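Treat the numbers as computed from the prediction; the structure is a model and nothing was measured.
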Amino acid sequence: IEPPTDCSLLDFKDVNEDLERVLFAFEKLDEEDKEILRLKIVEKLKWKEIIHILEERGIRFKNEAALRKRKERALKHLREIYHSLYPQNV
């Protein structure tokens, strides 16, 4: 990936490193959590669409609220994994 012309190479390197860390942490999530995050964040699907897709794959949720809660827990877990692998210097 080529860096944009309006930022320094150092900034671009930092962004690439952060992206690699996020992807590494993402791969540590279980498959259902990855799928929920992918469908909601990457594909930007509505909750009803996500429920329908997951039901077709044999994954059932009681309601949209339960699915939203699962997404929030998946994001929290992703953050925990990310920060446990690369703790901030304090």
Side-chain angles (χ1 to χ4, degrees):
I1 299 174
E2 293 296 318
T5 57
D6 61 343
C7 71
S8 75
L9 287 175
L10 182 59
D11 291 339
F12 188 71
K13 183 180 178 224
D14 290 342
V15 169
N16 271 346
E17 287 175 3
D18 284 343
L19 181 56
E20 287 176 14
R21 291 172 182 169
V22 169
L23 292 173
F24 184 79
F26 183 80
E27 288 304 315
K28 299 286 185 186
L29 295 174
D30 69 41
E31 292 302 316
E32 283 184 22
D33 286 346
K34 286 192 279 193
E35 187 67 358
I36 291 166
L37 293 178
R38 184 186 69 75
L39 292 170
K40 188 60 182 167
I41 295 170
V42 178
E43 301 293 330
K44 299 184 189 298
L45 297 179
K46 296 179 181 179
W47 292 115
K48 288 183 187 216
E49 295 170 309
I50 295 170
I51 285 176
H52 179 71
I53 290 169
L54 294 176
E55 284 179 348
E56 287 180 344
R57 298 176 186 171
I59 304 167
R60 301 219 181 270
F61 284 90
K62 213 163 52 166
N63 53 41
E64 287 182 34
L67 182 57
R68 286 193 305 269
K69 188 65 173 177
R70 177 72 181 262
K71 177 206 159 227
E72 293 306 315
R73 287 182 183 140
L75 282 173
K76 181 181 179 190
H77 192 208
L78 180 65
R79 285 185 209 100
E80 289 170 352
I81 295 168
Y82 176 88
H83 290 297
S84 72
L85 296 170
Y86 305 97
Q88 299 290 330
N89 294 330
V90 179

Q: Could you tell me which residues satisfy salt bridge (Lys or Arg N to Asp or Glu O under 4.0 Å) with K69, sequence neighbours excluded, listed by chain and number?
A: none
Q) If you round to the nearest 0.5 Å, how far is NZ of K28 from OG of S84? A) 9.5 Å
(Q) Going by the rule side chain to side chain donor-acceptor pair (under 3.5 Å), which residues pair with E20 if we only count those two or more places apart in sequence or in a different chain? (A) none
Q: Could you grab the distance from atom CG of L29 to atom CD of E27, nearest 0.5 Å is fine?
A: 8.5 Å
Q. What residues form a side chain to side chain donor-acceptor pair (under 3.5 Å) with H77, not counting sequence neighbours?
A. none
**Q.** Contacts of E32 that satisfy side chain to side chain donor-acceptor pair (under 3.5 Å) - sequence neighbours left out
**A.** R70
Validation: residues 36-51 side-chain donor-acceptor distances under 3.5 Å, sequence neighbours left out:
from	atom 1	to	atom 2	distance (Å)
R38	NE	E35	OE1	3.2
R38	NH1	E43	OE2	3.2
R38	NH2	E35	OE1	3.4
R38	NH2	E35	OE2	2.8
K40	NZ	L45	O	3.0
E49	OE1	K46	N	2.7

Q) Side-chain contact, heavy-atom cut-off 4.5 Å: F26 with D33? A) no
Q) For E72, what residues pass the side chain to side chain donor-acceptor pair (under 3.5 Å) criterion, not counting sequence neighbours? A) none
Q) How far apart are the C-alpha atoms of D30 and K34, what are their side-chain angles, what is the distance that settles it, and do they pass the side chain to side chain contact (heavy atoms under 4.5 Å, CB included) test? A) CA-CA 6 Å; D30 69 41; K34 286 192 279 193; over 6 Å; no
Q: Search all heavy atoms of A25 against all heavy atoms of Y82 and return the closest pair with its distance.
A: CB-N, 3.9 Å
